[in-house]
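Chain A is the first sequence line, chain B the second, and so forth, proteins listed ahead of strands; every chain is numbered from 1. Heavy atoms only: backbone and side chains are in, while hydrogens, waters and symmetry mates are out.
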Amino acid sequence: MRAHIEELIIQAIGYLKREGELDSELEVEVRAERTRDREHGDYACNIAMVLARPTGRKPRDLAERIRDRLPPSKRVEKVEIAGPGFLNFHASPHYLRVVVREILADGDDYGRAPKGSRGEILAEFVSANPTGPLHVGHGRGAAYGASLSAILEAAGHRVHREYYVNDHGRQMDILAVSVWLRYLELAGEALSFPTNGYRGDYIFDIAREVRARHGDQLRHPMTTVMDDLPPDGEEGDPEQHIDALIGRARELLGESGYEACFSAALETMVTDIRDDLKDFGVEFDRWFSERELESSGALKRAIERLESSGWLYTKDGAVWFKASEFGDSKDRVVIRENGRTTYFASDVAYLLDKLERCPGTSLYIFGADHHGYVPRLKAAAQGLGEDPEQLDFQLVQFAVLFRAGKKVQMSTRSGSFVTLRELREEVGKDAARYFYIMRSHEQHLDFDLDLAKSSANENPVYYIQYAHARIASVFRELDRRAQRHNQAIGEAAIDRLDSEHEQALLRALGRYPEVIENAAERRSPHVLAHYLHDLASGFHSWYNNSPFLVEDDDLRNARLNLVAAIGQVLRNGLSLIGVSAPEKM
RNA sequence: GCCCCGGUAGCUCAGCAGGAUAGAGCAGCCGCCUCCUAAGCGGCAGGUCGCAGGUUCGACUCCUGCCCGGGGCGCCA
C-alpha cells in the first residue's frame, strides 16, 4: 500500500514535469509514511514541503497541484491537504475489504514476499567458541540472528545461516588439555588443575568418554607430565604454564593420542551447542569449520590474494596486512613470527569464501564487544579487491539478567555462569526468544527473569499468545454450538465490520507486510514484536467490546473472517520470531 | 587517550532517512466476569525527550561540544 501511494505521487509529479509546472531536471525522492493520527488518514506524504524550497513555491499550492494530477486508485478513498502542506491519503473501504480476503487466501504466506525478490544474504551468527556451553549472552545473538534471518527471508531475501566454528586456535588446545588432565584425574593421578584451564563439570563428562574409549592408554604419571614445566599461578605465569602443558601433552600423547582428546572435546561441544540451539528453535544451514579453511586451501588463497595486490609486508619476522590503508586504526598481523597464521587471517579467508559463495550481502552479527572487528573486516574486503559495502555488521548489545530486581552475576572462568540451557529451562523457550528480541538489538537489555516466568497479564509473550488462544477458543465454541464458519458469507458481508475496533484491526492487518519489510530493512526484529503486541491489544479490546458469535449470519461470519485473519497474522508473525502460537492456554 | 552503544513518564522501553497534540507495558489509583478463556478490558494520574549551542519554516529525531552509564581497544581466541 505504501509503495502504491508513492507510485501514485511519482506519476503525478511526472505529469507536472511534462506540463512544465515543475522543472524536469528536479530530483525527487518520494516517501509516504504511516500517519500516527487517524485524523490524518492512513498515509501521509510531505513531498510538497520538501519541494517548496527548490521550486520557490508555497507548499500548499504545490500539494494541490500534485493532488490534482494523482491517478485514480481503487485503494484510495480521498486525499486531503492538511497542516503546512501534507498530502493525507485515506484508504478506501475496498482496500480494507481486500485485506481480510487476502490474508485468508494466502494463509501462512501472507506477508511473505516472493523468495528471491530481494538479494541474497549470508548471515553468520552465534559462532561461539566450542570451549563450553552457550551462556545467556550467546542467547541474545542466537535469538536475534534467527529471528532476523526469518524476517529477511519473509521479506524476500534468500538467506544462508552459518555458524563459524573456531576449532583451530589456542583456546581449543587448552580445552583438549583440560580434558586430558581430568582424564588423568579420573585415572587416579593427583594433580593441581591449571589456573587457565577450563573448569566446568562438562570437562569431566568428556574425560569420562575418553576414558571409556581409550582406557589407560593415554595415562602418564604426573611427575612426567609436570617435569620441568614453568610454574603456574602465584609464583609463575599461568599463560606460559598452560602453553607448556599443551606442548607436553602433544609430546607424550603423540599425534593420535592428542587428537583423541581434542576431537572428543570438539565433537562433544559442537554437538551440545547444536542440540542446545535446536531446542531454542535456532538452526543453521552450515557449520563452518575454521580448520577447513586450512585444509581447503582457502587460507592460503586469501593470503596470496592480499600478497599479489601488494597489501602485505614483513616486519619483525611477521607478515602484516596494510589494514590502515583502508581506514583501520592499525595494520594487522596475518602470519606470526612463529609461522602460524593469526585468527585474523582465518577471518579474511572465511570472508573470501563467503563472498565467493554468496554474491549478495555478508551479514555479520556480533556481540557489541566485537565492534573493533568492523573496520578490520571492511579493510580485509578492500584488500581482497571486494566491495566493503557488501558487508553488513549488526552489533548486539549485552543482556543482563535480573532476578528479584537484582543483577544476576556471571563469571565465565569459574564455570558457574548461567547457561542458555538453564535460562530456557527456567523461563521457557517462548519467553526467552521473545524477551531477547523485544528490545532494539542496539540497546542494552535488562532481562527480567521474574517477568519472563510470570504467567500474569504483565508478561507480553503470554499477552500475545493469549490473543491467539482466545481466537482458537472462539472457533471451538462455534463448533460446540454446532455452527459453521462460512467464509463466503462473511466476505459478502464484510461491510458490516464498521465499528472503530474493526476498522482499526483491518488497518493493522493491512500493515503487516510493511512491518516485515521495515523490520528487515532496519534489521530490527523488535519492530515485529511490537507490532504483534499492538495487534493482540487491538484484538483483546475488540473481544471485550463485542461478541462474535451473534445470531445474524452475515455479521457473525464477517466477524469470524476478521477473527480468523487476526489469528493467521499472529501465527505468521510469531513463527518468524520463534514463538509458538498455542491453541489453548 | 581513541572507538562503539545508550541517557525519553517512578521502572523497562518504543518513537528518530526532521514534520502536524511525545507513545506502550509495568508499577499506582478507580471501575468491569448471569456473556466466545478476567493470562482480558475501560478510565485517571504521570514527561525540562541528559545539558548547552548550531542547521531548519519546523529538531526527541541531524551536526558540534560537554556530562553520566555500559562495552571495546593484543603477533589472544
Side-chain angles (χ1 to χ4, degrees), chain A residues 29 31 33 35-37 39-40 44 46 49-50 52-53 59 82-86 88 129 131 166 168-174 239 290 315-320 329-330 332-338 340-346 366-375 393 395-398 400 402 405 438-448 451 454-467 469-478 480-481 521-522 524 526-527 529-530 533-534 536-537 539-550 556 559-560 563 584-585:
Chain A
E29 197 189 338
R31 214 163 255 285
E33 57 174 16
T35 55
R36 290 177 204 172
D37 190 337
E39 293 282 300
H40 302 137
N46 66 349
M49 278 122 84
V50 173
R53 173 164 280 262
F86 287 104
N88 289 339
N129 284 349
T131 50
N166 294 123
H168 189 63
R170 177 165 169 267
Q171 292 305 317
M172 277 308 299
D173 286 322
I174 295 177
E239 301 289 341
E290 183 183 354
K315 192 182 83 178
D316 305 331
V319 178
W320 299 67
S329 56
K330 57 170 78 166
R332 306 286 170 180
V333 172
V334 178
I335 303 173
R336 278 180 273 184
E337 203 179 351
N338 65 14
R340 293 186 71 172
T341 54
T342 58
Y343 187 79
F344 174 69
S346 296
F366 284 152
D369 53 336
H370 282 62
H371 83 263
Y373 281 40
V374 176
F393 297 93
L395 302 173
V396 179
Q397 295 293 322
F398 284 15
V400 182
F402 281 80
M438 70 197 268
R439 304 298 179 213
S440 161
H441 62 286
E442 298 173 335
Q443 185 89 244
H444 291 239
L445 175 73
D446 286 352
F447 194 120
D448 186 335
L451 182 63
S454 148
S455 54
N457 54 4
E458 70 224 26
N459 189 332
V461 192
Y462 289 158
Y463 184 84
I464 300 170
Q465 291 182 317
Y466 184 47
R470 266 184 157 175
I471 286 168
S473 135
V474 169
F475 286 98
R476 276 197 300 273
E477 177 62 18
L478 184 76
R480 202 190 59 77
R481 296 185 190 182
E521 261 171 40
R522 292 178 48 190
S524 296
H526 78 275
V527 167
H530 281 271
H533 194 271
D534 261 13
S537 167
F539 173 75
H540 285 310
S541 189
W542 182 41
Y543 181 96
N544 274 275
N545 176 269
S546 63
F548 309 144
L549 303 180
V550 292
R556 185 181 63 249
R559 286 186 175 163
L560 286 174
V563 171
K584 249 183 199 172
M585 285 174 78

Tell me what [X] touches on the nucleic acid: a base, only sugar-phosphate, or nothing, going by heavy atoms under 4.0 Å.
| X | answer |
| --- | --- |
| A467(A) | nothing |
| M438(A) | nothing |
| S546(A) | base |
| Y543(A) | base |

Would you mind reading off the distance between [X] atom [atom1] and [N] atom [atom2], rounded to a whole angstrom?
| X | N | atom1 | atom2 | result |
| --- | --- | --- | --- | --- |
| E521(A) | C16(B) | CD | P | 13 Å |
| N544(A) | A38(B) | CG | C1' | 8 Å |
| L451(A) | A39(B) | CG | P | 17 Å |
| N46(A) | G19(B) | CG | C1' | 7 Å |
| H441(A) | C13(B) | NE2 | P | 15 Å |
| N545(A) | G42(B) | CG | P | 9 Å |
| H530(A) | C13(B) | NE2 | P | 11 Å |
| R480(A) | C35(B) | CZ | C1' | 12 Å |

Determine yes or no for a side-chain-to-main-chain donor-acceptor pair under 3.5 angstrom, with [X] supplying the side chain and [Y] the backbone.
| X | Y | answer |
| --- | --- | --- |
| R556(A) | L549(A) | no |
| R559(A) | P547(A) | yes |
| H540(A) | Y463(A) | yes |
| N459(A) | V461(A) | yes |

Please determine, for the side chain of [X], which listed nucleotide ([options]) has the closest atom?
| X | options | answer |
| --- | --- | --- |
| E442(A) | C13(B), G19(B), G6(B) | G6(B) |
| A44(A) | G6(B), A20(B), C36(B) | A20(B) |
| H540(A) | C41(B), G25(B), A20(B) | C41(B) |
| R439(A) | C13(B), A39(B), A38(B) | C13(B) |
| N88(A) | A38(B), A20(B), C41(B) | A20(B) |
| Q443(A) | C13(B), A20(B), C36(B) | C13(B) |

| said: List the residues meeting salt bridge (charged side-chain N to carboxylate O under 4.0 Å, His left out) with D173(A), not counting sequence neighbours, and say none if there are none. | reply: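 So D173(A) forms a salt bridge (charged side-chain N to carboxylate O under 4.0 Å, His left out) with R250(A).
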
| message | Does either side chain, that of S346(A) or that of E290(A), offer a donor lying less than 3.5 Å from an acceptor on the other one? | response |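 E290(A) and S346(A) do have a side-chain donor-acceptor pair below 3.5 Å.
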
For [N], take OP1 and OP2 only and decide whether either is under 4.0 Å from a side-chain N or O of [X].
| X | N | answer |
| --- | --- | --- |
| R522(A) | C16(B) | yes |
| Y462(A) | G25(B) | no |
| H526(A) | G15(B) | yes |

| message | Could you check whether E442(A) pairs with R522(A) (Lys NZ or Arg NE/NH1/NH2 to Asp/Glu carboxylate O, under 4.0 Å)? | response |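 No, this pair does not count.
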
| task | Please lay out, stage by stage, how L451(A) and F402(A) fare under the test side chain to side chain contact (heavy atoms under 4.5 Å, CB included). | result | CA-CA 9 Å; L451(A) 182 63; F402(A) 281 80; over 6 Å; no

| To the nearest 0.5 Å, what is the distance between CD (E39(A)) and CG (N88(A))? |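 Rounded to the nearest 0.5 Å, the CD-CG separation comes out at 10.5 Å.
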
| Nearest 0.5 Å, what's the CZ-CG distance between R439(A) and D446(A)? |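 Answer rounded to 0.5 Å: 9.0 Å.
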
| task | Please confirm whether any donor atom in the side chain of R470(A) sits under 3.5 Å from an acceptor in the base of A39(B), or the reverse. | result |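 There is none.
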
Separation of the [atom1] atoms in [N] and [M], to the nearest angstrom:
| N | M | atom1 | answer |
| --- | --- | --- | --- |
| C76(B) | A39(B) | C1' | 49 Å |
| C63(B) | C26(B) | P | 35 Å |
| G50(B) | G15(B) | P | 15 Å |
| G23(B) | G43(B) | P | 14 Å |
| A38(B) | G19(B) | C1' | 41 Å |
| U56(B) | A9(B) | P | 30 Å |
| G58(B) | G10(B) | P | 30 Å |
| C66(B) | G42(B) | C1' | 46 Å |

| field | Heavy-atom side-chain contact between H40(A) and F86(A) under 4.5 Å | value |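 The answer is no, as the side chains (C-beta and beyond) never meet within the 4.5 Å cut-off.
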
| message | Both H40(A) and A469(A) contact RNA chain B. Which one's nearest nucleotide lies toward the 5' end? | response |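 Mapping each residue to its closest nucleotide by heavy atoms, the 5'-most match is H40(A).
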
| request: Identify, between R31(A) and E39(A), the residue whose nearest nucleotide on RNA chain B lies closer to the 5' end. | output: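 Comparing both residues, the 5'-ward one is R31(A).
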
| Could you run down nucleotides 67-76 of chain B 5' to 3' and tag each one B, S or - for protein heavy-atom contact under 4.0 Å? | --BBBS-SBS

| When syn is taken as a glycosidic angle within 90 degrees of 0, is C33(B) syn or anti? |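 Chi for C33(B) falls in the syn range.
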
| task | Answer yes or no as to whether A20(B) has its base stacked against F86(A), where stacking requires a ring-centre separation under 5.5 angstrom and planes under 30 degrees apart. | result |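 Aromatic stack with A20(B) present for F86(A).
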
| remark: Output field dot_bracket for RNA chain B (Watson-Crick or G-U, both distances under 3.5 Å, | for other-strand pairs) contains ((((((((.[[[[.)...(...]]]].(((((.......))))).....[[[[[..)....]]]]])))))))....

| Audit row: V474(A), L560(A), side chain to side chain contact (heavy atoms under 4.5 Å, CB included) steps and yes/no | CA-CA 9 Å; V474(A) 169; L560(A) 286 174; 3.9 Å; yes

